[in-house]
Structure formats: C-alpha cells, structure tokens
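So you know, we letter chains A, B, ... as the sequences are listed, proteins then strands, and number each from 1.
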2 protein chains.
Amino acid sequence: MTIVNNRGKRFRVPDATIKRLPLYLDKLILLQQAGVQEVSSRQLATSLDIKASQLRHDFHYFGGFSKPGRPYLVDKLVPALREIIGIDEPVPIVIAGAGHLGNALANYRNFERQGFPLLGVFDVDADLVGREIRGVTIRPMSELADFIRERGIRLGVLTVPLDVAQIVADDMIAAGVTGLWNFTPTEIKAPDHVIVRNERLAVGLMCLSFKTKRIGMPEEMR
Amino acid sequence: MTIVNNRGKRFRVPDATIKRLPLYLDKLILLQQAGVQEVSSRQLATSLDIKASQLRHDFHYFGGFSKPGRPYLVDKLVPALREIIGIDEPVPIVIAGAGHLGNALANYRNFERQGFPLLGVFDVDADLVGREIRGVTIRPMSELADFIRERGIRLGVLTVPLDVAQIVADDMIAAGVTGLWNFTPTEIKAPDHVIVRNERLAVGLMCLSFKTKRIGMPEEMR
DNA sequence: TAGATTGTTAATCGATTAACAATC
DNA sequence: TAGATTGTTAATCGATTAACAATC
C-alpha cells in the first residue's frame, strides 16, 4: 500500500506494519488512561514484545512523531495514529447476516469503542427482521443497498451463508462499500478499488493443531 | 517451528507456510468432492492465487508428495495434509465463556466439520449453565479443569471477559491444555510448551479502515 | 555538558520466486 | 521419445534488526 508521509516522501507501507498500528494505539490509550505523558520507543516496544528499532522503523513510514533525543508524547501520538488508521472520525459499519456470528459481532462492544459504530444489521429471515441488537434493529436484506447508499457507509461485514456471499458482496460494493470483512470461507471477487479481508476462523484452529502436535514431544519426534 | 520431514531432514517451517496448509487442504477437499483425481502444483496454486513454486516449496518441507513428472494424487494428498496439520483424528475442543462470541463459535458448524468437535462449553453465569448449544450442555466454569483433565483435551477457546482471561487460561493450562485460542484483547502469559494464538478482531477492522482510506484517492493524496 | 533517544540508513535475516535437472 | 511436472537449489525480494549521527 503506497502512501505519502507528512514530509512528502512516498513509501510502500508493508502489511506487517499496518497490522502493528492498532497494537501501538491500544497500548498508548492504556498509557494515556494511566496518565503517562511520555514514552520512549524502547518502553513501548518492550511492552509489545517487539524491537524498538522496528517500532521506529514503522513510525518512520509516516515521517516520525518526535525529534531526536525526545521520547514520544502520548497525547500527540494517540490522535496521530488514529488519523493514520483512519478512525479520527467514526467509521460506521453494517453487518450483512444476523446468524450466530453476525449476532455475536453485533454484540461486540469493542468495535464501537474503537471507532466503528454499527449502523445496521440485515437478514433475509423474516423472523429475525424487527428484532433489536444493542439498539440496532435488524432490517430486511432487501434494504441493505439503499441503506448503504443513503448513509455513505464504507465498511461492510459479511456473515451470510456461503452460497449467497458473492451476491450480497456484489450488492454492497454496488452500493458504495469499499471495504469488506469476509467471514464466509469463500474467496470474494471484487474490483481493485475494494479491499476484501478474509477472516478464515478455522485456519486459526488448524495452526494451533499443527503446532501443539509438535511441541512438547521429544526433539527427535517433531 | 522445527520439524523432521518424512525423509528424516530437519527444517524450520515458517508460519507463513503453516497458514497455507489449511488453504491447500480446503481446495483439495473441494476437488476430491468434484471427483478430481490428479492436480498439478500449477493448477492448485493458480486457484489459490499463489505461485506454483511457492506451493512446491511449502510441500518440500514435508518431503514432497509426488515424484518428478507426476502431478499430485488428490486422494493421497488430502490424508497426508490432514496428518501434517494434526487432524487425522478428531481434535476435541472446549470453549470457556458462553457469552455472545463463545456462543457464536459454539454454533459454528465448520469447526466440527474440519475435525474439531466441541466437547464442552463453560460459563460462570448460573442462568446460562444447563442450556444447550447444538447438543452441548453449558457447564459451570468450576468444572472446566476436571473436564479437560478427564478427557485429555488439548485445545481451549478463550471467550471470557477480559478481567478473568488470565485466570481461566492458567486453569486450562494446569489441566493440560497445550493450545489456547485467545479472543480476549489481552496478552495471555503461558509457559513455553503452550501455544497461544491471539485473535484480535478489532485489528481486522482497523486494517480495512487504513487501506480503504487510501485507495480510490488520487495518487497524490494517498 | 553527558546521557538518552530519535530518525534514518545499512546489514542481516527470512520468505518468495525462478530456474532447472531429474524423471515420469 | 517429447511434453509435463516434480523436487530442489539458487536468486531475488522484502521485512526485521543493528548501528549511529543528530540533537534534545
């Protein structure tokens, strides 16, 4: 992903760096709440179990946030990271599919806390339509596209059954969504200007299985 | 992660390779169901949007699954991958915490299908205890450790509230669990022989936010 | 000033891709 | 045999870590 930092230089920010930004922000918010004013790259990195040079290297993509010799100011870094991640203003989301997973995600308060208020939940099931989840009414799937269009929503969560995943995705994309969080175990086809993030839950269990099988055994059997 | 392949050579298998194994298996099962007997590295790789040489390189860690000149046999590859991942036999799991997320995961049929039958769900809430989720009764959290010990369960899913996460984790580890799938936004401390996989859901949304903010803009503004 | 700490480049490490001999 | 395709090593690419001048 190519960006221009605050000094006008152009960089390709690695995915690995992007993934660390939320971790930095999380820790910094905790420090802020604890009343901490300054933090060095070493302190912050150590608490996240990474190298200080990696943290500084990551920050360097965005032009850096301090001056040589001075540690980072927590109160400056938090809003700066929010702005870089794109959550300086609330980023509303919708959930398509109010099954078990959709329901669980709709109930997950952390998303709202982190800047992603849930504006709508949609399902085809007439029995579910009309019910409320944390104050959000489940609406018929047929209203999804108009809802997205009218409110200019950019991020959609896909928790529908496998066989309608692509159809619902197409619907959301046509309505203006540019980011899709796909929880169905299927590859979603999307145009280049749309970012699809696949969350394959079962992969997590398989990686655990692979590793636990091989740890704790005598070295020769691994 | 160091392993010994089927020819006695010792390797460190990269995490990136481990993560791809479930994807290979998934595609191969689909091919198997479609009655396909043979598949080349190119065919399989193309369908997964990766390079054929990467697939062969991945397979090479495990000694390879064919001979030069011959494509892979789907019916040989599927059980071989299952065995490598560690799901040639069912790997039972328990879920600690029957809140929204624990409930959703307990209802996720894919885990069972992929070889991870759910044996128990546990919660402290007396109102939840006794209820059934897909035939599995919710039990009191106080029974968790004994349950794990008696049935020799190796994998535990952690969907309890933040403030008790470490306590419940310690409990499971003491009872014999060697793999923890942590859905709480906290770093779990565990001994070396225990693998902890952190599933930080909000990170997914933040990565989407970061990228969608910068795509579709005129090049100069990214 | 002396110690601390950043920004930034260079060195290292690891993962991906290419190339090709072996062989079916 | 000729074309296809693997296993395997070498080349390339990218990410992490180290080093250090600048400077507070």
Let me know the distance between CD1 of B/I50 and C1' of C/dA18, rounded to the nearest Å. 15 Å
Provide, to the nearest angstrom, the distance between the CG atom belonging to A/L55 and the P atom belonging to C/dT5. 14 Å
Consider side-chain contact (heavy atoms from CB on, under 4.5 Å). Of A/V39, A/V78, A/D26, which one does A/L31 pass it with? A/V39
Whole angstroms only, please: what is the CG-P distance between A/D49 and D/dT17? 11 Å
Taking the nucleotide of DNA chain D with the nearest heavy atom to each, does A/Q54 or A/K67 sit closer to the 5' end? A/Q54
Does a side-chain N or O of A/Y72 approach OP1 or OP2 of C/dG7 to a distance below 4.0 Å, or not? yes
Could you spell out the base pairing of DNA chain D as a dot-bracket line? Use Watson-Crick and G-U wobble contacts where both distances are under 3.5 Å, [ ] for crossing pairs, | for partners on a different strand. ..||||||||||||||||||||||
Side-chain H-bond candidate by donor/acceptor type, A/S41 with A/R56, under 3.5 Å: yes
Is the phosphate of D/dC13, meaning OP1 or OP2, less than 4.0 Å from a side-chain N or O of A/R12? no
Taking atom types as modelled and ignoring hydrogens, do the side chains of B/D58 and B/Q54 form a donor-acceptor contact shorter than 3.5 angstrom? no
Can you find a side chain N or O atom of A/R56 that sits less than 4.0 Å from OP1 or OP2 on C/dT6? yes
Which whole-number value in Å describes the distance from A/L44 CG to C/dA4 P? 19 Å
Reading DNA chain D from 5' onward, which residue's closest nucleotide shows up sooner: B/R42 or A/K51? B/R42
Give the ring-plane orientation class for A/F62 versus A/F65, where under 30° counts as parallel, over 60° as perpendicular and anything between as tilted. parallel
Shortest non-hydrogen contact between B/V121 and B/A106, atoms and distance: CG2-CB, 4.2 Å
Salt-bridge test for B/E38 and B/K76: reply yes if a basic N is under 4.0 Å from a carboxylate O, no otherwise. no
Tell me the interatomic distance from B/L73, atom CG, to D/dT5, atom C1', rounded to whole angstroms. 13 Å
Nearest-Å distance for atom pair CG/P, residues A/D58 and C/dT6: 14 Å
Contact class for A/S53 (heavy atom, under 4.0 Å): base, sugar-phosphate, or nothing? base
For D/dG7, take OP1 and OP2 only and decide whether either is under 4.0 Å from a side-chain N or O of B/R70. no
How many Å lie between CZ on B/F65 and P on D/dT8, as a whole number? 12 Å
Rounded to the Å, how far apart are B/F59 CZ and D/dT9 C1'? 19 Å
Taking only side-chain nitrogens and oxygens of A/S41, does any of them come within less than 4.0 Å of OP1 or OP2 of C/dT5? no
For A/Q32 and A/D75, test the side chains for any donor-to-acceptor distance below 3.5 angstrom and give the result as yes or no. yes
Salt bridge check, A/E199 against A/R197: does any charged N sit closer than 4.0 Å to a carboxylate O? yes
Which is more 5' along DNA chain C, the nucleotide nearest B/H57 or the one nearest A/G69? Just name the residue. A/G69
Would you indicate which nucleotide in D/dT6, D/dA15, C/dA18 comes nearest to any side-chain atom of A/P14? D/dA15
